[in-house]
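Chain letters run A, B, ... following the sequence lines, proteins first, then strands; residues in each count from 1. These numbers come from a predicted model, not from an experiment.
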There are 4 protein chains.
Amino acid sequence: MSISGWACKPYDRSQLSSVGGAYHLGMATDISANSAPSDAASAAPSYGGLKAVYINCTLKKSPEVSHTQGLMDTSIRLMRGAGVHVDSLRLIDHDIALGVYPDMREHGWATDAWLDEVWPLIEAADILVIGGPIWLGDNSSVTRMLIERLYAMSGEFNEKGQYVYYGKVGGAIFTGNEDGVKHSAMSVLYSMQHVGFVIPPAADAGWLGAIGPGPSYLDEGSGGPENDFTNRNTTFMSWNLMHLASILKNAGGIPAYGNSRKDWNAGERFGFDANPEYR
Amino acid sequence: MSISGWACKPYDRSQLSSVGGAYHLGMATDISANSAPSDAASAAPSYGGLKAVYINCTLKKSPEVSHTQGLMDTSIRLMRGAGVHVDSLRLIDHDIALGVYPDMREHGWATDAWLDEVWPLIEAADILVIGGPIWLGDNSSVTRMLIERLYAMSGEFNEKGQYVYYGKVGGAIFTGNEDGVKHSAMSVLYSMQHVGFVIPPAADAGWLGAIGPGPSYLDEGSGGPENDFTNRNTTFMSWNLMHLASILKNAGGIPAYGNSRKDWNAGERFGFDANPEYR
Amino acid sequence: MSISGWACKPYDRSQLSSVGGAYHLGMATDISANSAPSDAASAAPSYGGLKAVYINCTLKKSPEVSHTQGLMDTSIRLMRGAGVHVDSLRLIDHDIALGVYPDMREHGWATDAWLDEVWPLIEAADILVIGGPIWLGDNSSVTRMLIERLYAMSGEFNEKGQYVYYGKVGGAIFTGNEDGVKHSAMSVLYSMQHVGFVIPPAADAGWLGAIGPGPSYLDEGSGGPENDFTNRNTTFMSWNLMHLASILKNAGGIPAYGNSRKDWNAGERFGFDANPEYR
Amino acid sequence: MSISGWACKPYDRSQLSSVGGAYHLGMATDISANSAPSDAASAAPSYGGLKAVYINCTLKKSPEVSHTQGLMDTSIRLMRGAGVHVDSLRLIDHDIALGVYPDMREHGWATDAWLDEVWPLIEAADILVIGGPIWLGDNSSVTRMLIERLYAMSGEFNEKGQYVYYGKVGGAIFTGNEDGVKHSAMSVLYSMQHVGFVIPPAADAGWLGAIGPGPSYLDEGSGGPENDFTNRNTTFMSWNLMHLASILKNAGGIPAYGNSRKDWNAGERFGFDANPEYR
């Protein structure tokens, strides 16, 4: 079965006729028709046992308006509606030191709120959503600070001896005026999977206006809150994060075989053999 | 519990003494000690029901030596050892057209082997691993061709009405002389999650020599096949791909609630509410 | 002197009042006022001695409509109006082999039009502009093919013994529906400077609609051709490419001191000293 | 004329024989032969009138050892040897606020040393070199802070009415253990050209060890300071920055025609015509 439609844009439909061939997919079952919702729509799962934390990496301290928070809040509301316990914070509201150690107070900084105020929420969470603005098409300094500190917790392992993020799932939300959701998400989601998070399908959502200056997400007339594509992606992302977190929890996490650093260092190779011809 | 060590490099240990503070993590339980393997090491799961496909995006047609294939083969052998059915191909060995439609023969190309030779393997697989070389720090043209064609299958949905890649897991392997595994992986893994794959922890592996000209992975004296970091990452990636594929299969895939385009288009919002203040 | 306004968007003006402080720059001399053009506007330089080549890396063969070509053509017209000789082609219209050698016919490919049809135009040009579409937020396979072949000409040097691209200038143009001009430009412009091109200020231009599906650049109602930001950037890019090409030509190219591989290999170090303490 | 050799690695020479064809370039004139330096080598230009500023975006405050500073210092020494006045600082040693305004003290921050301690050096410089470490394959938070503040000076114009960075040239230096020089440079150099810098050929230099944990640049036995590729790139970058800065200075900067925002806003279009068919 194939039906037309896509969360993104694989081709320019306006060109279909100009290339002469009939596009055979989805003609009979175009999902843009307003057919009735499927049964799936009526069976909302309840995810009361899950915990999520949303960290906004805006450059603006509270209570300044953060446009990114505006979009993050729609995902937070959705998760809370599904029973998830959600914590939320702006990293810049906390006195976080710069560096790549768990506690920068041991490395020359007078203060560092990371271990006391931020890390416990992440450690306890099943789901981490990183939100951020976009500057010159790339992540903000505060987003990079968060990645650096996530990375700094390298000495932490979970009860199975896996890196501490194993068993958690991650997603990302960005808003900008004109460009860079995908670029920013590439780096953030890459970092998350690299340190141990599972990344569900469609784990990034965002909003951008057309190229050039223009209103930000929460500004009057931006079109952001009404953007169907943004809203659908945010919804899909939120549910996929919950689904995967629940699936992992029900499975007892990710099996420890084949990903234990301790065992690898002890000489276990889990079936890996670089040079079979040398046997 | 916390123990030192990390699959990557959060800080420069040679600087630890110069900054004066004792690094409190893991001193007593350094996993670099050769302790005995844990029980986990002895319980290799069997994944006989899984299917994987490895697609090498080298610029070299068979039978030229592909260094990337050399590293991919270690992962393939490991999966086969765990019972997984593995298919493997070089995209450049097939007569694939350029474009973003499912069948470019309907769009002006005389030939296009995508639908007949490549797509069926992906459609049937639980696991897709994309391998590629690195040129000027970025992905090869052939890797981009593959991403474009994956994206082109936008009209395909699985039996739950989700995008066709839902329920599958993805990973990536790169080799280069000096730089760019992470940059290349960022884009490839991003694309895979964006269209519907689940990305497990540590889903990328690769090899790079020191900056500047030097031997490639399979060259005599490269150090590639003996690189402990590369081998560990390849092993962890391979097992995490199998674990997640198995977990998803056992869970019956990802629940369809909240990620069905058909239902969204029919008006279902799955709890999403952009503007609660307007109620 | 300072005046407000910017080719891009350093801050959200809608937030200025909410943060309480008056923004002191440019209040008296806001350039958005319609003051008369400066003298500079009346003195259009003539660049009759320059040659440019525009290479479109669309996935569509001629005569299919390429939206990127639509934007490229505005820059081409502007350069021709300034007297520049401009050549223009779509790479996909030529039978280019895949690979990283100057002539892939020597490496197993039956045909390869690179050396005969494309390279001579680049070699003769003072200015190279690479245009391309955006797929999943990144460059097209054809754009990567072009970068690979530019890179492949590594054995070519100019008459000063510098890499062959020294003395040339480069720019880039992209169009997409929703995201990725900056990401695509980062990689393309990086590659160009890396192999020897000079990159002038504001050397990238592009058009994107708001996030999500929507019309492409040349589609009715896209807003693309009327986009003031896109048009201004395209204009600034075009003139900066011509200015820099002319400046370099008048200067006799870039001095060869300090960038000659031949001299470096012969032992000349041009004042470089890695370890002064060892003297 | 063509001779073999390249600052980077267009192909794997070890594979040349395996593909059967003789590689015709450079056989007779291999520059790896120790021929005598050319005349160019003996004519070192003097650049006494130029000013450069090097900004290190390490996460380590002085006097901690910064490996990146180690490599930056080789470029600084070379420029000073050529007569250039060089200033150098670590951004983290200064009390810089986060944000995208010229003076964050007007936006809720108690202190902000940007305008007093850092900006005057940049404003006065002909050359800006940004150095930084690499974390998870991407730029540091401090590098992003610098980019945000460079961007924040959007209201500043030079005496020609161009953005304030017009007439300046930019380069970048990175060190890391294993991966990411090119990715980090892509974003930094992109941002610099976007706001107005000219990027000379080969404007990035860096050092990376082989993939996986290992010594940093200044560590005993890293191989960094002896790396011929790194040293050559650093040398070429340094001279190209000086050459371009000098050329631009001698040319009286970049002509203002075609890149004046004031004139554009006043209605001047500099020959741009989006829709010739509508005439």
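Shortest non-hydrogen contact noted between Gly99(A) and Leu59(D) is CA-CD1, 4.0 Å.
Here the CG-CG distance, from Leu150(A) to Leu136(D), works out to 9.0 Å after rounding to the nearest 0.5 Å. Going from atom CD1 of Ile147(A) over to atom CG of Asp138(D) covers 9.0 Å, rounded to the nearest 0.5 Å.
Of the possible donor and acceptor atoms, one in the side chain of Arg144(D) sits under 3.5 Å from a partner among the backbone N and O of Trp135(A).
Your options are His183(A), Met145(A), Glu148(A), and the one with the most heavy-atom pairs under 4.5 Å with chain D is Glu148(A).
Listed in order of number, the residues of residues 90-98 of chain D that approach chain A to under 4.5 Å between heavy atoms are Ile92(D), Leu98(D).
With a threshold of 4.5 angstrom between heavy atoms, Ser140(D) approaches chain A through its backbone and through its side chain.
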